[in-house]
Structures are given as structure tokens and as C-alpha cells.
Amino acid sequence: MPDSKKILLQIDHIRKAFDGVEVLKDISLSVREGEVVSVIGPSGSGKSTLLRCATMLETMDGGSLSYLGEQAAFEEDGKCVYVPKKKLREIHKNFGLVFQNFNLFPHYSVMKNIIDAPVTVDHVPKKEARERAEKLLLQLGLSDKADAYPCQLSGGQQQRVSIARALALQPKILFFDEPTSALDPELTGEVLKVIKELAKEHMTMIIVTHEMQFAREVSDRIIFMEQGVIQAEGTPDEIFHSSNERVREFIGKFQS
Amino acid sequence: MSISVMLMQLIKGLGVTAEIFFLTLIFSLPLGLLVSFGRMSKNALVRTISKIYISIMRGTPLMLQLIVVYFAPFYVFGLKIPNYRFPAIIIAFALNYAAYFAEIYRSGIESMPAGQYEAAKVLGYTKAQTFMRIILPQVIKRILPPVTNETITLVKDTSLAFVLAQAEMFTMAKQIAAKETSIMPLMAAGLFYYIFNLIVAFAMERLEKALNYYK
Ligand SMILES: Nc1ncnc2c1ncn2[C@@H]1O[C@H](COP(=O)(O)OP(=O)(O)OP(=O)(O)O)[C@@H](O)[C@H]1O
Ligand SMILES: [Mg+2]
């Protein structure tokens with residue numbers, strides 16, 4: 001990835017503890033435009049917490065966070081200070097998040113799930129929002145599902161709708177937290193395919209995943225986390241041929 | 001007294017009963033939502049006050065509450081309010097039912113998965129938008145069965161207004177029964193309450209069905 005590309009996400013020295021237990025210890029990470037970064041690591045290593053801190057679902061204990069050079073949070077006197085709400089709302093528009101269990105709105109149709117936030121939050125005219133949604137549905141192979149309700153869809157279809165819902169707000173960067181781990185193996189493929197297509201279109205993405213082969217194929221960079229720290233970081237080739245004992249052991253588990 | 005005259009008087013009473021019923025719902029349903037917010041407030045004082053309020057309203061007889069609301073302005077404050085009987089009844093019923101509804105709302109709101117709030121937050125909804133557009137519609141679906149129960153109880157509870165000699169159906173039936181030394185008027189009133197509740201149950205069932213388009 002050429003360094004000339006703009007830095008979209010900058011995380012510096014973030015810390016997060018739950019009940020006195022440090023879950024993230026001094027994590028730094030920057031992501032440039034068009035980059036696809038996968039985060040791997042054992043259960044409990046803090047991958048979700050990292051994503052939740054970056055998407056501000058969790059408040060950090062320390063460190064700083066900025067999107068496109070705009071500071072969302074910074075450290076002052078050993079504490080993490082967030083910028084005023086109004087500013088945060090603006091910064092929020094830069095990113096989207098796809099959840100493991102989709103979290104679609106069950107009382108809204110697929111179409112409404114996708115257009116409601118653009119219309120309500122961004123004040124996009126309804127007609128334009130619908131056109132945008134139809135394009136996304138076509139792209140994600142869901143054109144015939146616009147009027148369906150989430151409960152009528154398979155897990156894979158629901159996850160694709162939730163990706164469409166996130167994309168409808170035209171984020172600059174999209175986070176995924178184990179987007180396929182709630183899915184049956186035969187449904188996993190259709191979601192991974194969608195993500196790969198997004199990668200081809202140079203969507204900037206940070207993906208927490210246990211799908212090693214997928215991470216290898218899709219990523220520009222892979223981050224290996226363990227016990228709240230980034231243990232190793234590099235291109236897929238570097239990670240898959242790492243000299244780091246822990247990384248090799250972890251990846252080995254998935255290849256057996 | 002002929003049967004038709006008796007029925008006419010009962011039906012007039014039924015009108016008042018229906019008025020108490022609908023006005024109570026109109027006031028107690030939103031008030032209950034407010035109380036449930038108080039009950040779940042971050043502010044400990046607001047939370048405690050709401051808790052005490054709910055506890056008193058649910059822990060003492062509604063009949064007693066009716067009497068207190070009606071007589072307190074005069075006996076406590078020396079206030080004489082003209083035409084206060086009917087408003088007093090509505091106030092007492094609304095205050096009482098709001099407490100029950102508050103607990104129902106609370107259970108519904110607390111049963112909502114955190115993921116719904118988180119999804120809305122990441123999509124940029126404000127707190128108010130999240131509640132009105134995402135949470136409340138789903139809560140309403142979830143709480144419909146217990147709300148139906150309360151509503152059916154309310155139909156029967158309207159008869160408690162007889163303690164303030166309000167001319168609703170039960171008061172009328174009792175008066176006619178005493179005058180005519182017949183149990184017929186009371187039986188007829190019972191039938192009317194029953195039919196009223198059949199209609200309520202039917203309406204609530206329709207509403208539940210209408211919300212069955214999603215799980
Ligand atoms: N809200 C919370 N309260 C208390 N502890 C938490 C909370 N969220 C996470 N933790 C703890 O923080 C640690 C890291 O959790 P996290 O969910 O970030 O791990 P993960 O790497 O995503 O794991 P997995 O692969 O299982 O999803 C775990 O020990 C977890 O128990
Ligand atoms: Mg996780």
C-alpha cells in the first residue's frame with residue numbers, strides 16, 4: 001500500500017480495562033485509504049473490544065483516536081477525553097460497523113432497514129435513498145428481497161442486508177466483527193464473497209475474522225492480537241510465514 | 001319499572017363506564033411511559049421517587065385511592081372544586097394504572113437486546129430517534145399481552161367508581177336492583193361488562209395479529 005494514500009483511521013496508544021482487567025494495552029494502528037486490514041487472534045484477545053473502541057461503542061481509558069485527521073478522542077493527564085457530541089456525530093459519519101449477529105431492525109423491511117438511517121440521520125431525500133438502496137441490493141444479490149422482513153431471510157441474506165445498511169451511509173471505512181461466525185458454513189461463502197468484492201472496489205475495511213484463508217486472500221495487512229496487544233503485524237505472506245512462535249501456533253490450529 | 005327502561009338506564013351508565021375506561025387509557029398509557037423512564041433514570045433521586053410511587057399505587061386499594069383523590073383537596077387543602085367528582089375518578093384511575101403500565105413498559109424496554117441500541121448508535125441515530133423509531137415499536141409488540149390483561153382488568157375496575165357515587169353502570173345497576181328488589185339489573189350489568197371485555201379482547205387480538213408481520 002503506497003504511503004501517499006490518506007490515513008483514514010489513526011489509533012494511538014489506546015487502553016481499555018473492564019473491572020480493572022486490562023483488555024487493550026497500548027494499541028496503535030493506522031489504516032490508509034483503500035486498505036484491507038484483518039485482525040486475527042485467540043478468543044478473548046481483545047479484537048472486538050478494539051473494534052468497539054474504534055467505533056465508539058466503548059469509551060477508552062486512554063489513548064487517542066482520529067478519523068481523516070479529525071480527532072475524536074485524545075489523551076490528557078493520563079485520561080481519555082472525547083471531543084464534544086456535535087463533533088463526534090460528524091466523525092461518526094466516516095465509519096460503519098457490521099456485527100456478528102447482524103442486528104437488523106426486525107420491524108423494518110429490508111428496504112426500510114437500508115434507507116431509514118440515510119433519510120433520518122443524513123436527511124437524504126427518500127427517492128435518492130431508495131435508488132441508492134436498490135443499487136446496493138442489486139450489487140449484493142438481494143434485489144428480490146427489498147420487501148421482505150429480516151425474519152424471512154437466511155443468516156447469510158441478513159448479513160448481506162446489514163452490509164448494505166452500513167454501505168447506504170457511504171462510510172469511508174467499514175468495520176466487520178466476525179461477520180460470518182454466526183452463519184452455517186454453506187452461508188459463510190456468500191458473505192465472504194461480498195466482502196471480497198468490496199475489497200476489489202477499494203473499500204477501506206478492518207475485519208475481525210477467524211476465516212484464515214479468507215484473511216490471507218483479502219487483506220493487505222494482517223494484525224495478530226493476543227492478550228490485548230498487537231503481537232505481530234504484516235502482509236499475509238509475512239504473517240503466514242511468521243517466525244513468531246505464537247503466530248505460527250495460532251495459524252497452525254486453523255490449517256489442521 | 002319495565003325492562004326497556006332498566007336497560008336504557010344501564011346503557012346510560014355503560015356510556016359513563018366507557019368514558020372512564022377510555023380516558024384512563026388515554027392518560028395512563030403515556031404517563032406510564034414517563035414513570036418507567038423515571039424508574040430507569042440514571043438519577044438516583046428520580047429513580048427512588050418513581051419506585052415509591054409505583055409501590056404505593058400498586059400496594060394500596062384503588063378504592064382507597066379514589067376516595068383520597070376525591071376528598072383530599074377539601075380535607076387537606078380546604079379547596080372546594082366544582083364538578084370535581086368525574087375528574088377525580090379519572091385522575092385516580094390514571095395515576096393507578098400508570099404505575100402498572102410503567103412496570104410493563106420497563107420490562108419490555110429492558111428485554112430489548114443491546115445490539116439494537118448499538119446498531120442504531122453506529123448508524124448515527126440520536127438517542128431520541130433510537131427510542132422512537134427502533135426501540136418503542138418493538139417494545140409495544142412485546143408488551144401487548146400484559147397490556148391486554150391490564151386493560152381487561154380496567155373494564156371491571158371502572159365499577160369501583162361507585163364509591164364516589166358516580167353514575168356509571170355498576171352504580172346504576174345497584175340502585176335499580178335495590179329499588180326493584182331484583183337481581184336482574186346486576187345480572188344484566190354483568191353481561192354488559194362481559195361483552196365489553198369480549199370486544200376489548202377482540203381488538204387487542206387484532207392488534208397483536210397486525211404486529212405479527214415480524215418476529
Ligand atoms: N462489557 C464487558 N465487560 C466485562 N468484560 C468484558 C466486556 N467486553 C469484553 N470483556 C472481556 O474482555 C476480554 C476481551 O474480549 P473481546 O470480546 O474483545 O475478545 P475477542 O478477541 O473479540 O474474542 P472472541 O474471538 O471470542 O470474539 C475478554 O476477556 C472479555 O471477557
Ligand atoms: Mg469478538
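Only this structure's heavy atoms are used, side chains among them; waters, hydrogens and symmetry mates stay out. In the text below, chain A, chain B and the rest are named by the order of the sequence lines, each starting its count at 1.
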Chemist: With a 4.5 angstrom heavy-atom cut-off, is it the side chain or the backbone of A/Asn101 that approaches chain B, or both, or neither?
Modeler: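 Neither; nothing under 4.5 Å.
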Chemist: Test side-chain contact (heavy atoms from CB on, under 4.5 Å) on B/Leu123 and A/Val121; report intermediate values, then the result.
Modeler: CA-CA 8 Å; B/Leu123 291 169; A/Val121 176; 5.7 Å; no
Chemist: So, the side chain of B/Tyr213 versus the backbone of A/Tyr149: is there a donor-acceptor pair under 3.5 Å, distance only?
Modeler: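 Checking the backbone N and O of A/Tyr149 against the side chain of B/Tyr213, no donor-acceptor pair under 3.5 Å is found.
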Chemist: Enter the distance from A/Leu97:CG to B/Lys121:NZ here, rounded to the nearest 0.5 Å.
Modeler: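 So the CG of A/Leu97 and the NZ of B/Lys121 are separated by 11.5 Å.
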Chemist: Taking NZ in A/Lys196 as the centre, count heavy atoms belonging to other residues, nucleotides or ligands within less than 6.0 Å. Is the count above 12?
Modeler: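 More than 12 heavy atoms, drawn from other residues, nucleotides or ligands, come within 6.0 Å of this atom.
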Chemist: Search all heavy atoms of B/Gln138 against all heavy atoms of A/Pro106 and return the closest pair with its distance.
Modeler: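 It is OE1-CG, 3.1 Å.
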Chemist: For A/Tyr108, which atoms come within 4.5 Å of any heavy atom of chain B: side chain, backbone, both, or neither?
Modeler: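 Only the side chain of A/Tyr108 comes within 4.5 Å of chain B.
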Chemist: How far does CD of B/Glu118 sit from CZ of A/Arg52, to the nearest 0.5 angstrom?
Modeler: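 Nearest 0.5 Å value for the CD-CZ distance: 4.0 Å.
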Chemist: Count the heavy atoms belonging to other residues, nucleotides or ligands that lie under 6.0 Å from CG of A/Asp147, then report whether that count exceeds 12.
Modeler: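 Atom CG in A/Asp147 is not packed in, count stays at 12 or less.
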Chemist: When the ring planes of A/Phe105 and B/Tyr125 are compared, do they come out parallel, tilted or perpendicular, using 30° and 60° as the limits?
Modeler: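 Perpendicular, since the angle between the ring planes exceeds 60°.
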Chemist: At their closest point, which heavy atom of A/His92 faces which heavy atom of B/Val122, and how far apart are they?
Modeler: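 Heavy-atom minimum between the residues: CD2-O, 3.9 Å.
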Chemist: Among the options A/Leu104, A/Leu169, A/Thr120, pick out the one with the most heavy-atom pairs lying under 4.5 Å from chain B.
Modeler: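 Of A/Leu104, A/Leu169, A/Thr120, A/Thr120 has the most heavy-atom pairs under 4.5 Å with chain B.
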Chemist: Does any heavy atom of chain B fall under 4.5 Å from the side chain of A/Leu88, the backbone, both, or neither of them?
Modeler: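 When you check distances to chain B, no heavy atom of A/Leu88 falls under 4.5 Å.
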Chemist: Is the count of non-hydrogen atoms from other residues, nucleotides or ligands lying under 6.0 Å from A/Arg130 atom CZ greater than 12?
Modeler: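 Incorrect, the count does not exceed 12.
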Chemist: To the nearest 0.5 Å, tell me how far A/His107 NE2 sits from B/Gln116 CD.
Modeler: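 Output value for this atom pair is 7.5 Å.
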Chemist: Decide if atom CG of B/Asn83 counts as having more than 12 heavy atoms of other residues, nucleotides or ligands within a radius under 6.0 Å.
Modeler: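 No, because the 6.0 Å sphere around CG of B/Asn83 holds 12 heavy atoms or fewer from other groups.
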